[in-house]
Structures are given as structure tokens and as C-alpha cells.
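These notes are about the structure you will find just below.
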Protein chains: 2
Amino acid sequence: MTDTPHRRGADRTEAIMRATLELGQEIGYAKLSIEAVAARAGAGKHTVYRRWSSKGALLLDSLLSLNEPGLGYPDTGDIVADLRVQIYAAVDLLTRPPFGPLFQALIGEAQHAPQVATALNERFIAPQTARTVARLEAARDQGQLSPDFDLDLAMSILSGPLYFQLLITQEPLTHEYVDRILDALFTGMGPGHR
Amino acid sequence: MTDTPHRRGADRTEAIMRATLELGQEIGYAKLSIEAVAARAGAGKHTVYRRWSSKGALLLDSLLSLNEPGLGYPDTGDIVADLRVQIYAAVDLLTRPPFGPLFQALIGEAQHAPQVATALNERFIAPQTARTVARLEAARDQGQLSPDFDLDLAMSILSGPLYFQLLITQEPLTHEYVDRILDALFTGMGPGHR
DNA sequence: TGTCAAGTACGGCACGTGCCGTACCGATAA
DNA sequence: TTATCGGTACGGCACGTGCCGTACTTGACA
């Protein structure tokens with residue numbers, strides 16, 4: 001079964017995505033070539049191009065293939081604790097190889113490939129955002145947040161600084177940093193402006 | 001002056017950076033090639049490679065050459081109003097062509113070119129951040145903010161969501177959005193968590 | 001159920017193209 | 001003279017496509 005040549009369909013798809021992740025981890029996204037991926041997977045270039053229109057599309061599928069969603073998105077009734085669990089999980093994912101570095105490179109690619117940007121948003125960012133907003137909304141409906149609490153803005157304040165550190169300042173993402181953001185969002189910046 | 005062949009030094013540097021910005025605006029960063037830049041500038045490729053080690057380094061210099069700092073960073077005594085002016089200016093810069101789109105592409109490039117990332121941080125992000133933090137620090141020293149006000153965290157909350165929209169969700173950056181972030185930071189998320 | 005022909009996906013190879021980064025050349029300026 | 005310049009040529013690499021022979025799948029027919 002393993003040696004049989006000319007396997008088909010999902011078989012090849014998986015082999016190619018696996019090769020993409022392996023090579024990406026070994027040599028980095030920048031040096032990754034479709035030719036090398038095909039060779040590693042024991043596939044022809046046509047087979048790659050038939051399913052993916054670009055290196056970015058291939059990497060996005062490859063990354064999503066190893067992201068198991070549904071882990072760690074609880075609703076215990078404590079909105080802050082639940083959000084902490086969600087965002088810890090997101091930070092862990094963004095940090096852990098091979099997902100983290102390759103995902104970061106994919107965001108980079110998206111900056112000059114609009115199709116990749118759209119796909120990345122629809123298939124990863126938006127669902128992740130939706131889960132957090134849904135949890136916030138539930139808390140608001142249960143009276144734990146004020147009725148005029150701005151869900152989308154809260155979401156941006158939770159996510160923005162994380163991606164800012166990941167993509168711009170390149171400082172490490174830590175759970176402690178997440179705690180500080182949650183503190184600022186829900187209890188304010190110290191006594192704050194006065 | 002225009003037709004004289006074999007001009008030297010800073011003359012050539014400026015012509016090459018101008019060609020980079022022109023071509024970048026016309027065809028986008030992804031399709032921009034050193035060869036095309038050299039041709040447009042009437043320069044040899046060697047002259048480009050002598051001064052810049054990569055396309056990213058060239059674009060960074062080109063972009064910085066048209067960013068005139070020192071505009072709109074006032075200290076009127078009103079911290080919120082002053083920050084608003086600063087961040088409006090930053091948003092305008094990030095939005096206005098040719099700077100905006102090319103800068104965005106440069107951040108993308110930085111994701112898989114560490115040297116570009118470092119240079120981008122040192123020569124653009126860090127100075128910008130420092131100005132904002134300095135203004136916040138002055139406000140804290142003057143008693144307008146509480147003594148334990150977290151300057152760096154505030155900076156992240158101000159910048160993060162902006163870059164998140166610019167790089168990830170690709171929604172338009174507006175002054176109104178800046179206002180909402182400032183509101184959240186200095187007056188809290190509605191009555192907020194309770 | 002068994003056979004076989006048509007259709008499809010495949011691996012492998014070769015091709016032309018575009019851009020890379022380097023090397024060399026003759027011309028021009030300091 | 002000497003360093004810098006524009007221009008050109010070069011080898012190398014990866015791109016995306018076309019073609020070929022093979023292996024697998026499908027389904028009609030007996």
C-alpha cells in the first residue's frame with residue numbers, strides 16, 4: 001500500500017501538504033519552491049498546480065490541515081477566564097512550530113497577494129474572531145458586560161496587540177502579556193485618565 | 001543636467017529611490033524587480049546592488065526618503081487631543097499612496113526577511129513608538145495619568161488594532177476608528193466589566 | 001460476476017521565460 | 001590615474017506549461 005505508485009486523490013493531496021510543512025519548517029517559506037515540494041512528495045508539478053493556484057494557497061491549506069479547532073473554547077460563565085483560555089490557545093498556536101513561523105510568513109505573503117489575504121481571512125481569522133465575539137456577546141446578554149459594550153472593538157483590542165508583537169516588533173508572545181491586555185480591557189488602565 | 005550621462009553619488013541614489021517608488025506604485029511591490037528599477041533610473045544593476053543588499057532594503061530607504069517626520073506631534077497639555085493628532089497623522093501616512101501600500105508590502109517582506117524586519121523596526125517603528133510613549137510619559141509625570149499607568153501596554157493598544165486592520169482584516173483605517181480606540185483606552189469600555 | 005475499452009489522474013521530463021546576482025567592458029568624471 | 005558609472009553578457013534557479021507513457025477508475029456489456 002505504501003509503495004504502490006500513482007496513488008490518487010486525497011492521497012496525493014495529503015502527501016503534498018505534508019511535504020509543504022516539512023520543507024517549510026526545514027528551509028523556511030521564502031526558500032520553499034513548488035518544485036521542491038513536488039519532489040519531496042514524489043509528485044509531479046502538475047499535481048500541485050492542479051489543486052493550488054499559488055504557494056500561498058498551498059501553505060494555507062497545509063496549515064489548516066494541522067489545526068484542530070474546537071479545543072479550549074469553554075463557557076464556564078466567567079467571561080474573563082474563558083477569554084483567557086481562548087487567547088492562550090491562540091498564542092500557543094501562533095508560537096508553536098511549525099504552525100507559528102509558517103503562519104507568520106503566510107501573513108507576509110498575503111500583503112502582496114490579495115487572493116491569499118482573502119482566503120486567510122475567511123478561513124482562519126474570521127472564524128477565530130467569530131468565536132471570541134460570540135463569547136463576548138453571550139456575556140453581554142447575561143449582563144456581565146454593559147449593554148453598550150463594543151464587541152468588535154474589544155475583539156480588536158484583544159487581537160491587535162498580539163499580532164502587532166508577532167508581525168512588527170517581533171517580541172515574544174507570552175501568556176503574561178495576554179493577562180495584561182485582559183486586565184486593561186476589563187478593569188481599565190490603572191485608575192487611568194483623570 | 002538631465003541628459004548628462006554618468007552622474008555620480010547621491011544623484012544616482014535619489015534617482016534609484018525615485019524609480020523604486022514610481023514603479024512600486026505602478027506595478028506593485030511583488031512585481032517590482034531590481035532590473036526594472038535600474039532601467040527606469042537609467043542606472044546599472046551594479047549601482048543598485050552596491051548600495052542595497054535586497055529589494056526590501058531599497059524600498060525601506062525609498063519610503064523613508066519621502067516621510068518628513070516632526071509634523072504634528074504637539075504637546076498642548078491635553079494628552080488625548082495630542083495623541084489623537086499623532087495617530088491621525090500615522091493613519092494618514094499608512095493610508096496615502098504611495099507610502100501606504102508599499103509600506104504594507106514591506107511589512108509583508110519583513111515576515112520572511114529578518115534583516116528587513118530589523119531595519120524596519122529600528123528606522124521606522126521604534127522612533128514612531130518612542131514619540132508616542134514619550135508623550136504618554138510626560139502626561140503621567142504631569143499627573144494626567146495615574147502613576148502606575150502602563151506606557152508600553154497603552155502604546156500596544158493604540159497601535160495594535162490599527163496594524164491588525166491594515167495587515168489582517170484589511171478593513172479601511174479611519175479617524176473614527178482611532179477615536180473609538182482612544183475612548184476605550186482613556187474612558188473604558190462603556191461601564192465595562194462588572 | 002467477469003472482461004475490456006474509454007476516460008482520467010498521475011510521475012517524469014523538457015521547454016521557454018523572467019529575474020537573480022556577478023563579472024566584465026568601455027566611457028566619464030574627479 | 002583612479003574610482004565610479006551605464007551597459008551587456010553570463011550562469012543559475014524557479015516559474016508555469018506542454019507532452020508522453022503509465023496506472024488507476026469507471027461503466028457498459030455479456
Side-chain angles (χ1 to χ4, degrees), chain A residues 1-20 22-24 26-62 102 105-106 108-109 112-116, chain B residues 1-20 22-24 26-62 102 105-106 108-109 112-116:
Chain A
M1 178 181 286
T2 312
D3 290 304
T4 310
H6 284 203
R7 288 165 299 178
R8 288 192 166 202
D11 234 12
R12 301 286 77 203
T13 299
E14 287 170 20
I16 291 167
M17 293 195 301
R18 198 176 321 122
T20 301
E22 286 176 13
L23 270 174
E26 291 172 15
I27 63 178
Y29 179 72
K31 294 185 181 178
L32 190 66
S33 71
I34 300 285
E35 295 206 352
V37 167
R40 169 74 65 104
K45 286 200 284 181
H46 271 304
T47 308
V48 180
Y49 282 112
R50 188 177 299 126
R51 292 194 232 280
W52 295 280
S53 57
S54 70
K55 199 167 80 165
L58 169 58
L59 182 62
L60 178 59
D61 273 352
S62 303
L102 290 177
L106 185 61
E109 182 80 1
H112 28 72
Q115 289 189 354
V116 174
Chain B
M1 180 182 288
T2 314
D3 289 305
T4 310
H6 284 205
R7 288 165 299 178
R8 290 191 169 199
D11 234 12
R12 301 288 78 204
T13 299
E14 287 171 20
I16 291 166
M17 293 194 301
R18 198 178 319 123
T20 301
E22 286 176 14
L23 269 175
E26 291 170 17
I27 63 178
Y29 179 73
K31 294 185 180 178
L32 190 66
S33 71
I34 300 284
E35 296 206 351
V37 167
R40 170 71 67 103
K45 287 201 288 180
H46 196 61
T47 308
V48 180
Y49 283 111
R50 186 179 303 125
R51 292 195 232 279
W52 294 279
S53 58
S54 70
K55 197 167 80 164
L58 169 58
L59 182 62
L60 178 59
D61 274 352
S62 304
L102 290 177
L106 186 61
E109 182 80 2
H112 27 72
Q115 289 189 355
V116 174

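Every heavy atom of this structure was used, including side-chain atoms; hydrogens, water molecules and symmetry mates were not. Note on naming: letters A, B, ... go to the chains in the order of the sequence lines (proteins, then strands), and numbering restarts at 1 for each one.
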TODO: Using a 3.5 Å limit on both pairing distances, list the dot-bracket string of DNA chain D from the 5' end; Watson-Crick and G-U wobble pairs count, crossing pairs take [ ], interstrand pairs take |.
DONE: ||||||||||||||||||||||||||||||
TODO: Determine, for nucleotides 12-17 of chain D in 5'-to-3' order, which nucleotides have protein heavy atoms under 4.0 Å from the base (write B), from only the sugar-phosphate (write S), or from neither (write -).
DONE: --SBBB
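Rounded to an integer number of Å, the gap from B:Arg51 CZ to C:dG21 P is 17 Å. Straight-line distance from the CZ atom of B:Arg12 to the P atom of C:dT28: 15 Å, rounded to whole Å. Distance, B:Trp52 CH2 to C:dG21 P: 14 Å, rounded to whole Å.
Listed by chain and residue number, A:Glu22, A:Glu26 satisfy the salt bridge (Lys or Arg N to Asp or Glu O under 4.0 Å) test with A:Arg40 (two or more places apart in sequence, or in another chain). With sequence neighbours excluded, the residues forming a salt bridge (Lys or Arg N to Asp or Glu O under 4.0 Å) with B:Lys45 are B:Glu35, listed by chain and number. Scored by the side chain to side chain contact (heavy atoms under 4.5 Å, CB included) test, A:Ala39 finds no partners at all (sequence neighbours excluded). Partners of B:Ala30 under the side chain to side chain contact (heavy atoms under 4.5 Å, CB included) rule, at least two apart in sequence or in another chain, are A:His112.
Atoms CZ and CD1, on B:Arg51 and B:Ile16 in that order, are 5.5 Å from each other to the nearest 0.5 Å.
Using a 4.5 Å cut-off on side-chain heavy atoms (C-beta onward), A:Ile34 and A:Leu58 make contact.
Of all nucleotides listed (C:dG11, C:dA9, D:dG6), C:dG11 comes nearest to the side chain of A:Thr47.
Residue A:Arg50 places no side-chain N or O under 4.0 Å from the OP1 or OP2 atom of C:dT8.
Across every non-hydrogen atom of B:Val116 and B:Ser54, the tightest pair is CG2-OG, 4.1 Å.
Pairs passing the ring-ring contact (aromatic ring centres under 6.0 Å, His included) check and including a residue from residues 34-60 of chain A, sequence neighbours excluded, do not occur.
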